[in-house]
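In what follows, a single structure is set out as structure tokens and then discussed.
All values reported here derive from a predicted model rather than from experimental measurement. Values below: all heavy atoms of this structure, side chains included; hydrogens, waters and symmetry mates excluded.
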Amino acid sequence: MEEHNRSHVTRRALLTSALGGAAALTATAVPSRWAIGQARALKVGLMLPYSGTYAKLGENITYAIEMLFAEKGGALGGRPIELVKLDDESKPEAAQQNAERLVKRDNVDVLIGTVHSGVQMGIHKVVRESGTLTIVANAGNNEITRSLCARNVFRTSFSNWQPSYSMGLALAKKGVKKAAFVTWDYTAGQEMGAAFKEGLEKGGAQLTQLLTLNFPDTNFQPILAQLPSLDVDAVGAFFAGGGAIQFVKEYAAAQIKAPLCGPGFLTEGTLEAQGAAAAGIETALHYGDGLDNAKNVAFLKAFKEKAGREADVYAVHGYDAAQLLAIGVEAVAGNIDDEAKLYAAMRGAKIDSPRGPISISASQNVVQNIYLRRVEGGKNKVVGIVAEALSDPGGGCKLA
Ligand code: PHB
């Protein structure tokens, strides 16, 4: 730890002296060894899954981050962007060590992470200590922006509570009285199950069963075999990526009567592979197909050109993580050691996202609309709004 603190301080001291105290990063303020027309690069670490069940999620986040940086001419606040990518494989047991590699060995200035809530917790332990500016581009673990909130950590994706609570509430409003929830047994699944239950209860309905299997197992048959005898009006589920593709197909094949629903990850970036099995599934999420705001139209086109495939909610998370970073770094003209100004700009950000307008809450989680979607014609068609400008209710965050 001590060694790390020293290296952070050294980096900081270097930059401050190089900038002549609080001076902006202009050609005159840059010392001669950088001045050859070049400001020092802003090193941005991407710690994301590029293999395993969440690989496509990590790839889409990355494509969209690269897209925003390219739109900015490859530089923010006068500093060229240098990316350092690390495949975290969605393995929580390696997360802390991986985050330390980026922060201590590669000396990244900014860390953008990750998809898996358990891995994000490992990153969080490291960056709370080091003070590295961090933007969470997917993982929803509630506590990151509740009791464990930190000044240097922002989230542009969602809290696990936001879409899942909304789904439970929407179901109850539709007249569902009893529902079950199926998920992987790790932080994200547990928190989404609890939020789904809370939403159901808020609307006068009940969660009667919670069925789980280990992450990232896909041995769904023992669970599917139990569902027909449960006497529920609906089944909610949280799976994502490769696991979601398989679960939705097997659920359809099992011909279970209760309709399948859930937080919208179940049908995001997966519809082509799920095919007819996904038809009619209703989900709640902060994004959907057919949102025809100008930003989304341009985003979908540019993403398709870059990635050769359709954008999804994960691409939106990545794009907005980079948009938020740009707002901060541009506000301090590249001098990210001016933390007061950097964080103030990021906290006050009003972002034009492909999902609609978003802002940042007092605990530095995203505030956003939650849409109700239905799978029709191979799309997650937006059919309503469950909540406008929904903020995570989380308490326990005290930011100095
Ligand atoms: C999470 O682990 O927080 C997580 C992973 C994938 C998702 C959503 C949440 O699609």
Side-chain angles (χ1 to χ4, degrees), residues 42-48 58 60-79 81 83 108-115 120 123-124 127 131-141 144-145 149-159 162 286-287 293 295-296 298-299 302-303 311 313-369 389-392 397 399:
L42 186 75
K43 257 195 179 186
V44 180
L46 303 187
M47 182 160 152
L48 288 161
N60 280 6
I61 290 170
T62 303
Y63 282 135
I65 290 172
E66 290 174 345
M67 215 168 91
L68 188 279
F69 289 160
E71 283 172 26
K72 294 280 181 184
L76 295 181
R79 295 179 66 177
I81 302 290
L83 291 179
V108 298
D109 298 295
V110 182
L111 203 163
I112 300 182
T114 187
V115 168
Q120 191 62 45
I123 294 176
H124 204 60
V127 298
T132 310
L133 173 59
T134 299
I135 305 180
V136 185
N138 187 77
N141 35 347
I144 296 273
T145 54
C149 70
R151 289 172 74 233
N152 55 313
V153 178
F154 294 78
R155 177 157 54 198
T156 55
S157 48
F158 57 91
S159 72
Q162 284 171 309
H286 41 279
Y287 188 58
N293 66 73
K295 191 76 178 182
N296 192 36
F299 172 76
F303 189 89
V313 78
Y314 307 106
V316 174
H317 298 160
Y319 191 74
D320 291 341
Q323 290 210 83
L324 180 62
L325 179 63
I327 287 170
V329 177
E330 284 167 358
V332 294
N335 178 14
I336 62 164
D337 280 1
D338 187 349
E339 288 176 351
K341 199 165 171 189
L342 174 74
Y343 297 152
M346 292 175 74
R347 287 166 67 84
K350 300 275 175 280
I351 296 177
D352 184 13
S353 166
R355 70 189 105 168
I358 59 170
S359 58
I360 302 296
S361 73
S363 64
Q364 303 186 168
N365 186 52
V366 60
V367 178
Q368 57 193 342
N369 296 337
L390 185 67
S391 197
D392 182 272
C397 172
L399 289 178

* Knowing that exactly one of Ile144, Thr145, Leu399, Ile135 qualifies, which makes a side chain to side chain contact (heavy atoms under 4.5 Å, CB included) with Val153? ->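 By the side chain to side chain contact (heavy atoms under 4.5 Å, CB included) criterion, Val153 pairs with just one of Ile144, Thr145, Leu399, Ile135: Ile144.
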* Pick from Thr134, Val44, Leu46: which one makes a side chain to side chain contact (heavy atoms under 4.5 Å, CB included) with Leu111? ->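 Answer to the side chain to side chain contact (heavy atoms under 4.5 Å, CB included) test with Leu111 among Thr134, Val44, Leu46: Thr134.
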* Asked: Where does the angle between the aromatic ring planes of His317 and Tyr314 fall among parallel (under 30°), tilted (30 to 60°) and perpendicular (over 60°)?
  ->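 The rings of His317 and Tyr314 stand perpendicular, inter-plane angle above 60°.
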Report yes or no: does [X] contribute a side-chain atom to a donor-acceptor pair with the main-chain N or O of [Y] at less than 3.5 Å?
X	Y	result
Gln323	Leu68	no
Asn152	Thr132	yes
Arg79	Gly334	yes
Asn138	Val115	yes
Asn296	Arg355	no

* Establish, from distance only, whether the side-chain atoms of Arg347 and Gln364 form a donor-acceptor pair under 3.5 Å. =>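 Result is yes, a qualifying pair exists.
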* Asp392 and Ser159 side chains, donor-acceptor separation under 3.5 Å ->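 On atom types as modelled, these side chains qualify, holding a pair under 3.5 Å.
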* side-chain contact (heavy atoms from CB on, under 4.5 Å) assessment of Asn365 paired with Phe154 -> CA-CA 6 Å; Asn365 186 52; Phe154 294 78; over 6 Å; no
* Starting from the C-alpha separation in whole Å, work towards a yes-or-no answer on side-chain contact (heavy atoms from CB on, under 4.5 Å) for Tyr287 and Gln368. => CA-CA 9 Å; Tyr287 188 58; Gln368 57 193 342; over 6 Å; no
* Asked: Is any side-chain heavy atom of Asp320 closer than 4.5 Å to a side-chain heavy atom of Pro354?
  ->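 They are in contact (side-chain heavy atoms under 4.5 Å apart), so the answer is yes.
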* Asked: Quick one: side chain to side chain donor-acceptor pair (under 3.5 Å) partners of Ser363, sequence neighbours excluded?
  ->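 Only Ser361 meet the side chain to side chain donor-acceptor pair (under 3.5 Å) criterion with Ser363.
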